[in-house]
Enquirer: 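Sending over a structure as structure tokens; questions will come in a sec.
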Amino acid sequence: MELVAFFLRYARRYVHWGLLALAAIAVYSIATTAFVGLVNPMFEEVLLASEEELEGVPVGGLGGVSDDPDENSGTGFFGPLEGFTQNLRSAAADLYADAKEQFGIEGRREVFFAPTLLVLVVLLRSLMAFVSGYSFQRAGLGVTTDIRNDLYRHIIHQSSRFHQRHTSGELYSRVVSDVSKLQNAVAARLFDIFMSVTMLFVYGGILLTLHVTLAVVSLFAVPLFGFLLARFGKGMRNVTHRSQERMADLSALLTEGIRGNRVVKAFGMEEFECRRFERATRGHLLANLRAQFLSTLSSPVIESTAAVGGAVLVISAGLMIRDGRLTFGTFFQFLLVLLMMYDPIRKLNKVNLVLQEAIACSKRVHDVMQIKSDIVDRPTAPPISGLEQGIRFDDVSFDYEDTGHGKGVLSGIRLELHRGEVVALVGASGAGKSTLVNLLPRFFDPVSGQVLIDDVDIRALPLQNLRSLIGIVTQETVLFNDSARNNIAYGRDDLPIEEVRMAAAAAYADDFIMAMPEGYDTVIGEGGQNLSGGQRQRLAIARALLKNAPILILDEATSHLDTESEVVVQRAIYNLMEGRTALVIAHRLSTVVRADRIVVLDRGSIVEEGTHEQLLELGGAYKRLYDLQFHG
Ligand SMILES: Nc1ncnc2c1ncn2[C@@H]1O[C@H](COP(=O)(O)OP(=O)(O)O)[C@@H](O)[C@H]1O
Ligand SMILES: [Mg+2]
């Protein structure tokens, strides 16, 4: 039911399309009824008419109502119903007669009237089929497009923890294939269901109006027939499925036997394997035979049932025509409607499977949409425009899993950065450096303790505001398949090219960008694959420069470079840090020597802190790292 509410929320915006579709279906039903009704005058006035009839014998009209009162008298088992349907028929006949009179149709001109009307009615019916189908699709496609947009919005706003739990493949299939299946189901199948059910009722009504006894008989036969069809269909599906399973067993055995051939030989197990294989092929054979049995049996059974049904229908019709209780025209109408019922039945039969799948898909989509971000944006402090004093990590602990026991990834971190200070983080790989800097833009929230900017807990700041204060160059540079210019300006199309070029120049990227075929308009390929690692990082640095944020985070921004380009990127980085408060993680100690302060992290705790000289003198962890790099 939650799912229904979920859909209704989206459907609200497309109510007008839905109503249009409903109106069109209503007109369609009326046109269909009129179409069937016109068949009788087609016979009586056009095809079977002889001269003397034209002289003035009144014709039966739409339903082929005879004027003999006995014939349509309301007696017998279906008496009241027959009375009612007779009224309906004569009303329709009156309507038809009125129309003829209106247009002044008589004599030989009668030949034109019914066929022309028929053409008009069929045109109207086709038009309505188009209008209803299109408007329903419009609503369905609108709903699923909105769902897809919201889903993407939801996913992209989720925390890093969410993205870590859900693989990109999983999220991709939610947004792309699940929503597509939903789209197919909602836009097309739902319409089929609605239309088919409506039409089945309309056809049923027409049949009853045409001839009650005949209708009751066939309306019992039709579901029986439908049930038979459905049974065969279902049996086929089950059996096919089982046959596929057996085939999978077989393939598994086959690969084992062939790949593991040497083991089979070594143990002298050839015969054993062959017998296993024969058992499996026998299972497959049985499953296949069952499938063949059903499929070859189905059409004879269905055909003979249909033949018996048809014979019964023709015999009873013949008897009634002899008794004068039925006209040939009516019987023909009746057959026509029965045939027309086939299409909706066929559609309904197919619908179930698609619908089941769609329900599963929408459940998955809905589940993702229900996940709340664990990074809540509930600001209690006013936004700040820049950094005044500094950043403080106050007894911060963190763990990736919510166990809460043992020693976490970070524990008891106390660290202060004054405004304008460049602090370097060093430590072995896995010490927690990246984790520590990721707390600042709230990619994750600490388990305990707090991170403060100018003595305000960052959780109190608006998330957008907080992140606008921070420029980041990450370990893996993320570039988009777009022009160099748009990659640097990322999302700010209004920036003049001069500004973009200035940032690029400061990142030592201008030269190589200008050397590319279309300069700043060159598309750099997916993930920047047309660029070298150093060029990619310089683009990322230019992007961070252009953001011009007061706080800077560099996470091993030079780790993938060879020494030569590192010198260039290094210079770019010094440009970047100018006048900013920066947290720099560097693999190579040459990068960090120039920092104001160096913090050594070991297994989640700060173990040393000081300037390069101080730490060397201390002769602790930093000295060991330093020695390893320069003298190891
Ligand atoms: N997304 C993650 N999920 C779970 N554990 C992680 C994740 N990222 C890092 N870790 C673990 O946290 C510890 C610190 O990692 P990290 O901060 O990346 O170290 P560093 O950047 O110093 O190399 C490591 O033990 C690592 O295995
Ligand atoms: Mg790292």
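Both counts, for ligands and for their atoms, begin at 1 and track the order of listing.
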Enquirer: When you measure from atom 10 (N) of ligand 1 to every protein heavy atom, which one gives the shortest distance, and what is it?
Expert: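 Checking every protein heavy atom, the shortest distance to atom 10 (N) of ligand 1 gives Tyr400 CE1, 3.2 Å.
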Enquirer: Charged N to carboxylate O below 4.0 Å: is that the case for Asp445 and Arg459?
Expert: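 Not counted as a salt bridge, because no side-chain N and carboxylate O are separated by less than 4.0 Å.
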Enquirer: In terms of atom number and element, which parts of ligand 1 are under 4.0 angstrom from non-hydrogen atoms of Ser429?
Expert: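 Those atoms are 23 (O).
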Enquirer: Do Leu466 and Ile453 have side chains that approach each other closer than 4.5 Å (heavy atoms only, starting at C-beta)?
Expert: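 With C-beta onward as the side chain, the pair touches.
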Enquirer: Between Val409 and ligand 1, which residue portion shows a heavy-atom distance shorter than 4.0 Å: side chain, backbone, both, or neither?
Expert: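 Contact part for Val409 vs ligand 1: side chain (C-beta onward).
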Enquirer: Starting from atom 23 (O) of ligand 1, locate the nearest protein heavy atom and write down its residue, its atom name and how far away it is, to 0.1 Å.
Expert: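 Of every protein heavy atom, Gly430 N, 2.7 Å lies nearest to atom 23 (O) of ligand 1.
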Enquirer: Would Asp510 and Tyr520 count as a side chain to side chain donor-acceptor pair (under 3.5 Å) here? Give the steps.
Expert: CA-CA 9 Å; Asp510 188 55; Tyr520 276 82; 2.5 Å; yes
Enquirer: To the closest 0.5 Å, what do you measure between CG (Leu583) and CD (Glu421)?
Expert: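 Nearest 0.5 Å value for the CG-CD distance: 9.5 Å.
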Enquirer: Looking at Thr435, which atoms of ligand 1 are within less than 4.0 Å of one of its heavy atoms?
Expert: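 In order of numbering, the contacting atoms are 14 (C), 15 (O), 16 (P), 17 (O).
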Enquirer: Measure distances from the Mg ion (ligand 2) and count the protein N, O or S atoms below 2.8 Å.
Expert: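 Those protein atoms number 1 in total.
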Enquirer: Could you check whether atom 26 (C) of ligand 1 has a protein contact, counting only heavy atoms that fall below 4.0 angstrom?
Expert: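 When distances to the protein are checked, atom 26 (C) of ligand 1 has no heavy atom within 4.0 Å.
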Enquirer: Below 4.0 Å from ligand 1: does a non-hydrogen atom of Gly427 turn up there or not?
Expert: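 Distance cut 4.0 Å: Gly427 fails for ligand 1.
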Enquirer: How long is the span from the CZ atom in Arg442 to the CZ atom in Arg467, to the nearest 0.5 Å?
Expert: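 One finds 7.5 Å between CZ of Arg442 and CZ of Arg467.
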Enquirer: Report the residue from Thr145, Asp150, Thr144 that forms a side-chain hydrogen bond (donor to acceptor under 3.5 Å, both in side chains) with Tyr10.
Expert: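 So the option named by the test is Asp150.
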Enquirer: Does a sphere of radius 6.0 Å around CZ in Phe480 hold more than 12 heavy atoms from other residues, nucleotides or ligands, not counting ones at 6.0 Å or beyond?
Expert: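 Yes, CZ of Phe480 has more than 12 neighbouring heavy atoms, counting only those of other groups under 6.0 Å.
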Enquirer: Which is it for Gln164 and ligand 1 at heavy atoms under 4.0 Å: side chain, backbone, both or neither?
Expert: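 It is the side chain that touches ligand 1; the backbone stays farther off.
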Enquirer: Hey, does Gly432 come in under 3.5 Å of ligand 1, counting only N/O atoms on both sides?
Expert: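 There is such a contact, yes.
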Enquirer: More than 12 foreign heavy atoms under 6.0 Å from NE2 of His418: is that the case here?
Expert: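 Correct, the count exceeds 12.
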Enquirer: Is any side-chain heavy atom of Arg501 less than 4.5 Å from a side-chain heavy atom of Ile513?
Expert: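 A side-chain contact is absent here, since even the closest heavy-atom pair is not under 4.5 Å.
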Enquirer: Look at the side chain of Arg161 and the backbone N and O of Tyr400, then say whether any donor-acceptor pair between them is shorter than 3.5 Å.
Expert: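 Side chain of Arg161 to backbone of Tyr400, a donor-acceptor pair under 3.5 Å: yes, one is there.
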Enquirer: Which of the numbered atoms in ligand 1 are under 4.0 angstrom from any heavy atom belonging to Ser434?
Expert: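 The list of qualifying atoms is 17 (O), 18 (O), 20 (P), 21 (O).
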Enquirer: Any Lys/Arg nitrogen of Arg276 or Glu273 sitting under 4.0 Å from an Asp/Glu carboxylate oxygen of the other?
Expert: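 Result for this pair is yes, salt bridge flagged.
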